[in-house]
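Position 1 is the first residue of the sequence, and the numbers go up from there.
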Amino acid sequence: MSDGRLPPRPDYRPGSAQPRLNRPVRERYPQIRPTSGYGDPRIRHTGPGPGAGSEQEPERSSKLNARLALALTVVIGQLWALTVTVNEWMEGNTGTAWWGAGFLVLSFLVVLGLWLLDPKDR
């Protein structure tokens, strides 16, 4: 076979040369019954009922989404301010770095105030 030719393919014959594999599926796999799955009497509940996953309180959901968006905006601003503050500190501009640190503390207090705003949502 070193000349690059492939061996001839055997002729296709339906079924198998092994008689045990030519039996019907229900005989080959007796554990699979017609009632397996959807008709299995052991299955009493197929999952959550109708309406599962839909929002039950849309007002609360929108309020939480708005708060989350605001908090994420503040966190992104804090990361940016932290980068600028550290850069200024490393360059020796300590005055600007202290202003940046003050901004970080103020933005933390804003997030803390948002968290304290509605204690019944926790």
For residues 94-102, tabulate all N or O donor-acceptor pairs below 3.5 Å that involve a side-chain atom, not counting sequence neighbours.
none

If you look only at distance, which donor and acceptor atoms sit under 3.5 Å apart when one is on a side chain in residues 72-83 and the other is two or more places apart or in another chain?
{"unit_1": "T73", "atom_1": "OG1", "unit_2": "A69", "atom_2": "O", "d": "2.7"}
{"unit_1": "Q78", "atom_1": "NE2", "unit_2": "S107", "atom_2": "OG", "d": "2.9"}
{"unit_1": "T83", "atom_1": "OG1", "unit_2": "L79", "atom_2": "O", "d": "2.9"}

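Considering only residues two or more places apart in sequence or on other chains, N93 meets the side chain to side chain donor-acceptor pair (under 3.5 Å) condition with E88.
Neither L116 nor L106 shares a network with the other; the hydrophobic side chains, linked directly or stepwise wherever heavy atoms of I, L, V, M, F, W or Y lie under 4.5 Å apart, form separate groups for each. Hydrophobic clustering (side-chain heavy atoms under 4.5 Å, transitive across Ile, Leu, Val, Met, Phe, Trp, Tyr) groups W89 together with L104.
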